[in-house]
Amino acid sequence: GIVGLVLPFLQGLLFIAIWKQKTLLVRVWKPLVILMLAFIAWLIVTTVFSLDPLMSILGLTGRGSNTALFMFFWTILLFIVIGNLTKERFRIILKTIFVTSIIISIYSILQQYGIGFYGGIENETRVIVPGFLGNPNFNSMYLVAVVPFGSWLLLNSTGLNRRLWYGSGLFIILFGVVFCASRAAILGLLIALVIQIVLSFRNWKNWKNILVTLILCAVLAVLSWQFFPTFRPETTEQSITFQESTQIYRFSVWDLSIDTIADRPLVGTGMANFFIDFQKRGWPQFSTGEQFDDPHNFVLLLATNGGIPL
């Protein structure tokens, strides 16, 4: 897909920019280098023994993010970024991610009210807010991951204006998470915030961190209680009792994934080959035509595609 082409292109531009500035440092912790090399080596092994080596490399049409090629370029990009990371550059990256998260959140909120709404090429199957990342779940995953970094930026900021900026930004991001209406994202963020509070209690010097996290947790809970039933009224009660259709499908595909891992525990199906294995099994739970090209679970995705070692 487009992502599979854009990533190496941007990576090349980044490499050229660093090289021309003569600031290519490549200072990476040796165990991390060994781990990255082992990861790339195993990608090659799983591709050779995959169900379809060509699909393992290129993936399904429009789905380039699970391929061996994407994983390879992503690993190289991480190597370049980590190897050239300084404290100042790290702060710049965090601030850039924070700003983009605010933009994504604002756009998602506007879309929920029909402003700038774009349903995508498959709008008959995806009528909820797609956002910039094409899927509300992808939006939520990105935004949820940014919340801890935004909290850190807030706690380490100086001056009233900066604190107001990061505080209001976090508030907007929480709004974006709730408006995307991803159940797993909301629940996962709430659990993460509670864990952060519990861990912070070990040292009362972290009272500011505890206070900020408590406020974030309370805001997220109130927003979820207020807006989630509005955006997904038909699934709220069903979700609590685990009777909602997508939940049932995903539990079933997790069971199918475990069977896949049991059949091919060492090398898996090959990157981006889960769809082939899914079609071969023909489970009756999916007789209505529901299709899955991944297990909707990160751990199971790696284990089914690349085997347990991955």
Any luck finding a side-chain donor-acceptor pair between D277 and T269 under 3.5 Å?
no

Distance alone, cut at 3.5 Å: any donor-acceptor contact between the side chains of N137 and S182?
yes

Count the heavy atoms belonging to other residues, nucleotides or ligands that lie under 6.0 Å from CZ of F227, then report whether that count exceeds 12.
yes

Answer yes or no: are there more than 12 heavy-atom neighbours, outside W152 itself, under 6.0 Å from its atom CH2?
yes

Which atom names give the shortest non-hydrogen contact between T67 and M55, and what distance separates them?
CG2-O, 4.4 Å

Does Y142 form a ring pair (Phe, Tyr, Trp, His ring centres under 6.0 Å) with F138? I'd like the steps, not just the answer.
CA-CA 6 Å; Y142 183 83; F138 298 159; over 10 Å; no

Parallel, tilted or perpendicular, judged at 30° and 60°: which one describes the rings of F292 and H296?
perpendicular

Look at the aromatic rings of F171 and F175 and report parallel, tilted or perpendicular, splitting at 30° and 60°.
perpendicular

If only atom types and distance count, is the side chain of N273 paired as donor or acceptor with the main-chain N or O of L51 below 3.5 Å?
yes

Is a side-chain donor or acceptor of S200 paired with a backbone partner of Q196 at a separation under 3.5 angstrom?
yes

Aromatic ring proximity F39/W42, centre distance under 6.0 Å:
no

Hey, do the aromatic rings of F98 and F149 have their centres closer than 6.0 Å?
no

